[in-house]
A.B. asks: 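The structure that follows is given in the form of structure tokens.
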Amino acid sequence: MVARALLGRVLVCELARTRIAGRIVEVEAYRGRHDPASHAFRGRTGRNAVMFGPPARAYVYFTYGMHHCLNLVCEPRGTAAAVLVRALEPLAGEALLRRRRGVRERERLLRGPGCVAQGLGLSREHDGLPLGRGGLWVAAGAPRRGRRRVRSGPRIGIRRARGRPWRYWLDGHPCVSFGVARAPRAVPR
DNA sequence: GTATCGATTAGC
DNA sequence: CTAATCGATACA
């Protein structure tokens, strides 16, 4: 699976003459037309069009009236699958991250999908950005996935298709959005 | 046209 | 636990 393989690799963001890098420690897979929790479940729309396009592009969407989230499109044209980047361990650009995020603790700088987009400075204008040419790419990354085991479980914050364990994270990593210490709250209703 | 919800977060 | 805040979606 693409999602699992991304763990431990390094996401590099060089936009607007800045440089931020982070180890990918938590992701979720969304599987298009076959996945009731995916934005692409009901077909192509203006928002999700990038997911139906070629792979290795950023799908950036706006949600809750105030947050953006970053996905990496990972299947061929016509198949709308993407991986949501939920959390990174900061490796470069921490001073800028502290300024953008307004928090001091390193483990909170890029913990949670909204925080990732805010930290990297991503918004809808970056939707469709090709990886590798537009200032955003995935580098080879850390050996042995940061020396942690990969765990999987239900995705966070969804109401449909909760039985599918398509969230993947590095076990015990302090930059994971919901670990042992912080359990995910149940989605209401 | 109106009503409801959301791949979230921070704060109490 | 809730407010914030607005685009997407559901429904009349």
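Reminder, nothing fancy here: chain letters follow the sequence lines and each chain counts from 1. Values reported hereafter were calculated over all heavy atoms of this structure, with side chains retained and with hydrogens, waters and symmetry mates removed.
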A.B. asks: Just name whichever nucleotide pairs with C:dT5, Watson-Crick or G-U, keeping both distances under 3.5 Å, else none.
C.D. replies: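 C:dT5 is unpaired by these criteria.
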A.B. asks: Distances under 3.5 Å between protein N/O atoms and the N/O atoms of nucleotides 10-12 of chain B, please, pair by pair.
C.D. replies:
from   : atom 1 : to       : atom 2 : distance (Å)
B:dA10 : OP1    : A:Arg101 : NH1    : 3.2
B:dA10 : OP1    : A:Arg101 : NH2    : 3.2

A.B. asks: Does a side-chain N-to-carboxylate-O contact under 4.0 Å join A:Arg111 and A:Glu107?
C.D. replies: no
A.B. asks: Starting at atom CZ of A:Phe178, determine the distance to atom P of B:dA7, rounded to an integer number of angstrom.
C.D. replies: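 Value for this atom pair: 14 Å.
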A.B. asks: Please report the C-alpha distance between A:Gln118 and A:Ser123 in whole Å, then the side-chain angles of each, then the deciding distance to 0.1 Å, and finally whether the side-chain contact (heavy atoms from CB on, under 4.5 Å) criterion is met.
C.D. replies: CA-CA 8 Å; A:Gln118 185 183 36; A:Ser123 63; over 6 Å; no
A.B. asks: To the nearest Å, give me how far apart OH (A:Tyr30) and C1' (B:dG6) are.
C.D. replies: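 Atom OH in A:Tyr30 sits about 11 Å away from atom C1' in B:dG6.
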A.B. asks: Between C1' on B:dA7 and CE on A:Met51, what's the gap in Å once rounded to a whole number?
C.D. replies: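 So the CE-C1' distance, A:Met51 to B:dA7, works out to 10 Å.
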A.B. asks: Check nucleotides 7-10 of chain C for protein N or O atoms closer than 3.5 Å to its own N or O atoms and list the pairs.
C.D. replies:
from   : atom 1 : to      : atom 2 : distance (Å)
C:dA10 : OP1    : A:Arg42 : NE     : 2.8

A.B. asks: Quick one: A:Arg159 CZ to B:dC5 C1', roughly how many Å, whole number?
C.D. replies: 7 Å
A.B. asks: Rounded to whole Å, please give me the gap between OH in A:Tyr61 and C1' in C:dC6.
C.D. replies: 15 Å
A.B. asks: Mind telling me whether A:His39 and A:Tyr61 have parallel, tilted or perpendicular rings, with 30° and 60° as the class edges?
C.D. replies: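 Ring orientation, 0 to 90° scale: perpendicular.
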A.B. asks: Considering every strand shown, what is the Watson-Crick or G-U wobble mate of B:dA7 when both distances are under 3.5 Å?
C.D. replies: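 B:dA7 is paired with nothing.
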A.B. asks: Does the cation-pi check pass for A:Arg47 over A:Tyr59, that is, NZ or CZ under 6.0 Å from the six-membered ring centre and within 45° of its axis?
C.D. replies: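 Because its charged atom misses either the 6.0 Å distance or the 45° angle limit, A:Arg47 does not stack over A:Tyr59.
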A.B. asks: As a test of understanding, state which of A:Leu110, A:Leu88, A:Thr18 forms a side chain to side chain contact (heavy atoms under 4.5 Å, CB included) with A:Leu97.
C.D. replies: A:Leu110
A.B. asks: What distance do A:Glu26 atom CD and A:Leu84 atom CG have between them, rounded to the nearest 0.5 Å?
C.D. replies: 8.5 Å
A.B. asks: Describe the nucleic acid contact of A:Ile158 in one word from base, sugar-phosphate, nothing, applying a heavy-atom distance below 4.0 Å.
C.D. replies: sugar-phosphate
A.B. asks: State whether A:Trp169 and A:Arg86 meet the cation-pi test: NZ (Lys) or CZ (Arg) under 6.0 Å from the six-membered ring centroid, and within 45° of the perpendicular axis.
C.D. replies: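 Judged by the rule (NZ or CZ under 6.0 Å from the ring centre, within 45° of its axis), A:Arg86 is not positioned above A:Trp169.
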A.B. asks: Calculate the interatomic distance between A:Leu84 atom CG and B:dA7 atom P; express it in whole Å.
C.D. replies: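 Roughly 10 Å, once rounded to whole Å.
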A.B. asks: Quick check for you: to the nearest 0.5 Å, what is the distance between A:Leu122 atom CG and A:Cys13 atom SG?
C.D. replies: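 Reported to 0.5 Å precision, the distance equals 5.0 Å.
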A.B. asks: Which pair of non-hydrogen atoms, one from A:Pro54 and one from A:Val73, has the smallest distance, and what is that distance?
C.D. replies: O-CG1, 3.6 Å
